[in-house]
Amino acid sequence: MIKIAILASGAGSNALRIMEHFAESPLARVVLLGSDNPSAGALDHARRMGVPTVVWTRADFAGGSAPLADLRATGADYLVLAGFLRLVPLNVIEAYRDRIVNIHPALLPAYGGKGMYGNRVHEAVIAAGESESGITIHRVNERYDDGAVIAQFRCPVLPDDTPATLATRIHTLEHRRFPETIEKDIKNLKKI
Ligand code: GAR
């Protein structure tokens, strides 16, 4: 049984889908939801699902030892960033290398990097006149949005889209694809 920890800063709609997806799974279970934001909706979803939660302060991240200690205490062996907006401490990346995945709401390497999250991404995609956008699920390394791509899924950008309507379409795609992509990745890891 693979133990998943989810890191999330915001509303947590992806975190919820992942917790639901693995709630009855013989393959994996979500054992922790960690956040840097005490008012993250993701924490409420976790509490409702009976998943333990932890909130890390800015100082916790600067040191890096508290997040890693909490992850180890739960026995987590796979990390999922689901709308987590902070750079993961280096000691956590080193401890979980190749076992941390992130979701980005665009087709990387386009529209990625520091400061590119949530609606800012959709604003940039629309401002550039793109006819297509999508999501990227990728491994996490020391740099923002830079690790190896695991999967990408595409959707149209419509002429009358606003950042809000595009965000809704992207979220629908994320909810459908992120849990199944994590499941496939975990199955592959287990074969190694
Ligand atoms: C998701 O769309 C995710 O792709 C994005 O934040 C949103 C979180 O929504 N992540 C990034 O922009 C990372 N650069 P959620 O809290 O409802 O899951």
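Atoms within a ligand are numbered from 1 in the order they appear, just like the ligands themselves.
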Exercise for the section: Over 60° means perpendicular and under 30° means parallel, so classify the ring planes of Phe61 and Trp56, tilted if in between. Expected result: perpendicular
When you check ligand 1 against the protein, what N or O pairs turn up below 3.5 Å? List the atom names and distances, or just say none.
residue	atom	partner	partner atom	Å
ligand 1	2 (O)	Glu174	OE1	2.8
ligand 1	2 (O)	Glu174	OE2	3.1
ligand 1	4 (O)	Glu174	OE2	2.4
ligand 1	9 (O)	His171	NE2	3.0
ligand 1	12 (O)	Gly118	N	3.0
ligand 1	14 (N)	His104	ND1	3.3
ligand 1	14 (N)	Met116	O	3.3
ligand 1	16 (O)	Ala11	N	3.4
ligand 1	16 (O)	Gly12	N	2.7
ligand 1	17 (O)	Ser13	N	3.0
ligand 1	17 (O)	Ser13	OG	2.5
ligand 1	17 (O)	His171	NE2	3.2
ligand 1	18 (O)	Ser13	N	3.4
ligand 1	18 (O)	Asn14	N	3.0
ligand 1	18 (O)	Asn14	ND2	2.9

Practice task
Kindly write out the residues that satisfy salt bridge (charged side-chain N to carboxylate O under 4.0 Å, His left out) with Arg154, not counting sequence neighbours, or none if the list is empty.
Solution key: Glu132
Anything under 3.5 Å between a donor and an acceptor, one on a side chain of residues 98-113, the other on a protein residue two or more places apart or in another chain? List them.
residue	atom	partner	partner atom	Å
Asn102	ND2	His138	NE2	3.0
His104	NE2	Tyr111	O	2.7
Tyr111	OH	Glu130	OE2	2.7

Exercise for the section: Salt-bridge test for Asp161 and Arg169: reply yes if a basic N is under 4.0 Å from a carboxylate O, no otherwise. Expected result: yes
Problem - Any side-chain donor near an acceptor of the partner, Ser9 and Asn37, under 3.5 Å - result: no
Problem - Partners meeting salt bridge (charged side-chain N to carboxylate O under 4.0 Å, His left out) with Arg177 (sequence neighbours left out) - result: Glu180
